[in-house]
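Note that ligands are numbered from 1 as they come in the structure, with each ligand's atoms numbered from 1 the same way. Being a predicted model, the structure only gives us computed values, none of them experimental.
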Amino acid sequence: MSLKEQAAENQRNDFTLGVDIGGTKVAAGLVDARGTILFQTRAAMPAQEDAAAGFAAVERAINSVFEKHPEAHASLAGIGICAPGPLDPIRGVVLNPPNLPCWRNFPLAAKVQRAFHVGAKVDNDANAAALAEAVWGAGADFRNVLYATLGTGIGTGIIFDRRIYHGRTGSAAEGGHVSIDYNGPRCGCGKRGCIEALCSGPAIARRARARLAESNTPSRMRELAGGSLERLTAENVAEAFHAGDALAREALEATADLLAVWLGNLIDLLEPDIIVFGGGVAQLMSEFFPRMQTELPKWSINARCCEIPLLLAKYGSDAGIAGAAALCRQ
Ligand SMILES: [Zn+2]
């Protein structure tokens with residue numbers, strides 16, 4: 001079916017445009033009413049230049065979608081944008097993200113709205129990705145979805161009654177910085193024992209390195225690290241685990257057990273219908289979902305905590321574009 005026929009088939013608001021802004025690139029995609037990404041493009045993000053140069057890159061990315069699909073403009077429900085925080089999703093203002101020095105208190109939603117004459121929404125990556133899963137992905141058909149992205153960091157989004165839960169000023173749902181150990185390792189945010197400091201990709205690599213250092217057991221991870229343990233990554237741990245490496249498995253089981261402590265807290269607080277995991281390390285940790293579910297009752301007072309499904313996200317590396325587009329489908 002061509003885009004035109006598809007547009008005729010759907011009654012209204014056939015498309016949304018999702019823009020995913022990062023510290024080095026900006027990606028834009030055209031997304032249909034069912035959450036399928038029909039076309040996407042990406043360009044460099046000049047984050048170190050001035051505010052106008054940063055915005056020009058966003059305009060170029062959006063324009064290249066319209067150049068390819070001019071028919072989309074007339075039936076566009078809106079332009080959604082996800083950007084690094086901190087930002088104010090209620091006013092659509094980018095505040096002072098370390099990854100985007102070009103923008104300080106930059107009214108991104110208003111600028112996009114003015115430039116393209118269509119409604120625009122701005123939110124952070126994890127909130128947007130959570131919404132995409134709740135609208136079109138693994139959490140579709142559920143009212144209350146907890147989303148966690150496991151990768152270089154850990155982010156969360158809370159979909160409460162089908163909408164993003166923002167809190168008083170838009171700073172809610174920073175679940176990656178919920179601490180499970182006040183004597184634990186120092187997190188990048190300054191607190192101790194945040195789940196991000198314990199279970200992110202770099203934390204998994206650190207845990208595996210520690211196991212290797214204290215053990216004489218042969219491990220494939222030593223070869224994969226190329227002779228220098230400092231170079232060991234979470235990807236190496238994953239590869240070793242899949243090859244049957246016992247130490248890699250131990251490091252991942254310990255990580256899963258810590259995630260279960262954290263999830264127990266979040267379940268007691270929110271009791272979501274479903275918990276969805278995205279991000280670069282989610283696939284790997286999904287192999288430990290049954291273990292996490294077995295551990296959960298130790299860390300939750302909820303008698304039915306084990307009934308809550310733990311699922312892998314539908315959107316992988318496209319979570320940014322899909323999430324941004326979903327902002328216009330709330
Ligand atoms: Zn933290």
Side-chain angles (χ1 to χ4, degrees), residues 21-23 47 82-89 94-101 123-131 145-160 164-210 230 232-235 237 251-270 272 275-282 284-285 288 292 295-296 299-300 310 313 319-320 323:
I21 301 174
C82 66
L87 53 79
D88 178 346
V94 174
L95 299 175
N96 54 344
N99 290 348
L100 288 177
D123 216 314
N124 75 47
D125 306 358
N127 284 353
L131 188 63
V145 177
L146 171 63
Y147 173 83
T149 168
L150 310 177
T152 314
I154 293 185
T156 58
I158 298 167
I159 305 303
F160 176 68
I164 296 173
Y165 178 74
H166 279 127
R168 188 173 70 93
T169 66
S171 303
E174 287 292 349
H177 299 287
V178 166
S179 172
I180 60 164
D181 179 3
Y182 64 75
N183 289 317
R186 183 82 70 184
C187 177
C189 75
K191 288 164 60 172
R192 285 189 181 278
C194 294
I195 199 67
E196 173 168 302
L198 292 165
C199 294
S200 63
I204 290 171
R206 261 197 310 278
R207 180 163 300 116
R209 263 180 237 133
E230 281 310 304
L232 188 79
T233 64
E235 288 74 25
V237 181
L252 291 170
E253 283 176 347
T255 304
D257 292 352
L258 292 169
L259 284 171
V261 178
W262 177 67
L263 289 178
N265 290 341
L266 299 184
I267 287 170
D268 285 341
L269 192 64
L270 301 168
I275 304 175
V276 180
F277 292 85
V281 186
L284 174 64
M285 294 316 297
F288 297 87
M292 283 153 68
E295 287 289 305
L296 263 181
W299 306 106
S300 169
L310 308 180

Measure from the side-chain N and O atoms of [X] to the backbone N and O of [Y], and report whether any donor-acceptor pair falls under 3.5 Å.
| X | Y | answer |
| --- | --- | --- |
| Thr156 | Ala173 | yes |
| Ser179 | Arg192 | yes |
| Glu196 | His177 | no |
| Arg207 | Cys199 | no |

Hey, are the side chains of Tyr147 and Ile159 touching, using non-hydrogen atoms and a 4.5 Å cut-off?
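No; the side chains remain at least 4.5 Å from each other.
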
Heavy-atom distance under 4.5 Å between the side chains of Glu295 and Leu259, does that happen here?
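SC-SC contact between Glu295 and Leu259 ruled out.
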
Counting no waters, how many protein N/O/S atoms sit under 2.8 Å from the Zn ion (ligand 1)?
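With waters ignored, the protein N/O/S count below 2.8 Å is 4.
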
